[in-house]
Amino acid sequence: MNPQGFVDTVRHNFIVGNWKMHTTAAEATQLAKAIANGMGVMSGKDRVSVAVCPPFPYLALVGEILKGSCVALGAQNLYPEKEGAFTGEVSPTMLRDLGCIYVILGHSERRHKLGESDAFINQKVRVALTAGLDVILCVGETSDQRKANQTEAVLDRQLVQGLVDVPAEVLTRVTIAYEPVWAIGASGHEATPQQVQDAHSLIRRRFARMYGEKSAQAVVIQYGGSVKPENAASMLTANGVDGALIGGASLHADQFLAIVRAGIVEAQTKGKSA
Ligand code: 13P
């Protein structure tokens, strides 16, 4: 048993780069090539799963570069309809067509800057899974919510409402990313490994109440919030952390690869493999 009361289970480490609204076509090309090449020569790479999520316009470009590599392609969002009169939107079918395996949903930037509700995010989660995309569902409290002792309530709400009507059978295709809003980006405050561990434990407990202990032990929970080469080892070794969702540092191949390496070291120590 670990200190949170869960029987230690060997889950895999999943490291994902969220490029957000960054890069030009030339930069995306260079970055994807550097990551694919770096991963190609990395020892122990079979111990972790790795993906990058470029902006929509570069998905095809990056997808071509990643073909044959061990880096998977993901998208940062979708619209929860197969097709239709939804000007400016992108469907899960299109993402699958472009070779996407994953989609990030419920990112705090979409929740807070674009006003996405839990119900809308849930719709996206269900449609993505039905279309064959694996989901990375982001949850996380704001600084004010943490100060008001609402962290648990917020995480509970985002999980429960985000996963309405998502059956246990598809949970192996759902990753949770804990991203405290106050820790994201250059102006964020770095969370301590203890804060990360505590939040991951809350999430796993909620999962156990929703889907049972076995599913809770199996669910991959990434940490996201200013993960950098300098803090990767301490974040990734925190109890209950199964990899990272990385923003800023994922735009630099050397930094992203250094975090992947930290994930491999942690996986080797714990006997994990992808
Ligand atoms: P940073 O790594 O830049 O803090 O971003 C985290 C994030 O939002 C990843 O989705």
Side-chain angles (χ1 to χ4, degrees), residues 13-23 27-28 31 35 48-56 58-59 62 71-78 100-114 116 121 124-125 128 133-143 145-146 151 154-155 158-159 162 174-193 195-196 199-200 203 220-236 238 241-263:
N13 278 342
F14 185 26
I15 316 275
V16 178
N18 173 9
W19 294 2
K20 305 192 180 182
M21 200 173 72
H22 291 291
T23 69
E27 287 163 355
L31 183 54
I35 291 171
V48 293
S49 302
V50 175
V52 295
C53 302
F56 285 142
Y58 308 135
L59 280 172
V62 171
V71 183
L73 186 68
Q76 299 174 21
N77 185 34
L78 55 70
C100 288
I101 305 289
Y102 302 100
V103 62
I104 298 171
L105 297 175
H107 194 282
S108 60
E109 285 148 16
R110 299 203 64 86
R111 290 179 189 268
H112 300 296
K113 295 181 184 171
L114 293 148
E116 288 194 2
I121 293 163
K124 294 185 185 200
V125 169
L133 288 162
D134 287 6
V135 167
I136 300 169
L137 174 63
C138 301
V139 297
E141 79 287 1
T142 64
S143 167
Q145 289 166 334
R146 176 164 278 259
T151 300
V154 170
L155 295 178
Q158 292 176 344
L159 281 172
V174 176
T175 297
I176 304 297
Y178 171 58
E179 298 207 322
V181 181
W182 47 272
I184 293 176
S187 57
H189 297 283
E190 195 173 304
T192 64
Q195 287 173 316
V196 173
H200 280 231
I203 292 169
V220 168
I221 308 178
Q222 299 174 310
Y223 176 66
S226 301
V227 177
K228 303 185 275 279
E230 304 84 69
N231 63 15
S234 56
M235 293 303 182
L236 293 176
V241 173
D242 311 309
L245 182 55
I246 308 151
S250 74
L251 296 169
H252 307 275
D254 55 339
Q255 294 185 27
F256 184 67
L257 292 167
I259 298 169
V260 172
R261 253 179 246 114

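Index from 1, following the sequence. In each ligand, atom 1 is the first atom listed, and ligand 1 is the first ligand listed.
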Asker: Can you list the ligand 1 atoms lying under 4.0 Å from a non-hydrogen atom of Gly225?
Answerer: 4 (O)
Asker: Which atoms of ligand 1 are found less than 4.0 Å from any heavy atom of Glu179?
Answerer: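 In order of number, 6 (C), 7 (C), 8 (O), 9 (C), 10 (O).
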Asker: Quick check on contacts: which atoms of ligand 1 are under 4.0 angstrom from a heavy atom of Asn18?
Answerer: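 Taking each heavy atom of Asn18 in turn, ligand 1 has 9 (C), 10 (O) under 4.0 Å.
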Asker: Any heavy atom of Lys20 sitting closer than 4.0 Å to ligand 1?
Answerer: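 It does; at least one heavy atom falls under 4.0 Å.
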Asker: Within the structure provided, determine whether Asn231 and Met235 are in side-chain contact (heavy-atom separation under 4.5 Å).
Answerer: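 They are in contact (side-chain heavy atoms under 4.5 Å apart), so the answer is yes.
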Asker: With side chains defined as the heavy atoms from C-beta onward, is the minimum distance between Met21 and Phe56 less than 4.5 Å?
Answerer: no
Asker: Could you check whether any heavy atom of Ser226 sits closer than 4.0 Å to an atom of ligand 1, since that is the contact criterion I want to use?
Answerer: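 Ser226 counts as a contact of ligand 1 under the 4.0 Å cut-off.
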Asker: Before giving the answer on side-chain contact (heavy atoms from CB on, under 4.5 Å), spell out for Ile35 and Phe256 the whole-Å C-alpha distance, their side-chain angles and the decisive distance to 0.1 Å.
Answerer: CA-CA 8 Å; Ile35 291 171; Phe256 184 67; 3.8 Å; yes
Asker: Hey, what do you get for CD (Gln195) to CH2 (Trp182), rounding to the nearest 0.5 Å?
Answerer: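 Between Gln195 CD and Trp182 CH2, I get 4.0 Å after rounding to 0.5 Å.
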Asker: Quick check: Gly247 and ligand 1, any N/O pair under 3.5 Å apart?
Answerer: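 For ligand 1, there is an N or O atom that lies under 3.5 Å from one belonging to Gly247.
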Asker: Distance only, no hydrogens: is a donor on one side chain within 3.5 Å (strictly under) of an acceptor on the other, for His107 and Gln76?
Answerer: no
Asker: Do any nitrogen or oxygen atoms of Gly248 come within less than 3.5 Å of a nitrogen or oxygen of ligand 1?
Answerer: yes
Asker: Give a yes or no on this: more than 12 heavy atoms of other residues, nucleotides or ligands lie within 6.0 Å of atom NE2 of His112.
Answerer: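 Correct, the count exceeds 12.
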Asker: Numbering the atoms of ligand 1 from 1, which are under 4.0 Å from a heavy atom of Leu245?
Answerer: 9 (C), 10 (O)
Asker: Using a strict 4.0 Å cut-off to heavy atoms of Gly185, name the atoms of ligand 1 that fall inside it.
Answerer: 1 (P), 3 (O), 4 (O)
Asker: Kindly write out the residues that satisfy salt bridge (charged side-chain N to carboxylate O under 4.0 Å, His left out) with Glu190, not counting sequence neighbours, or none if the list is empty.
Answerer: Lys228
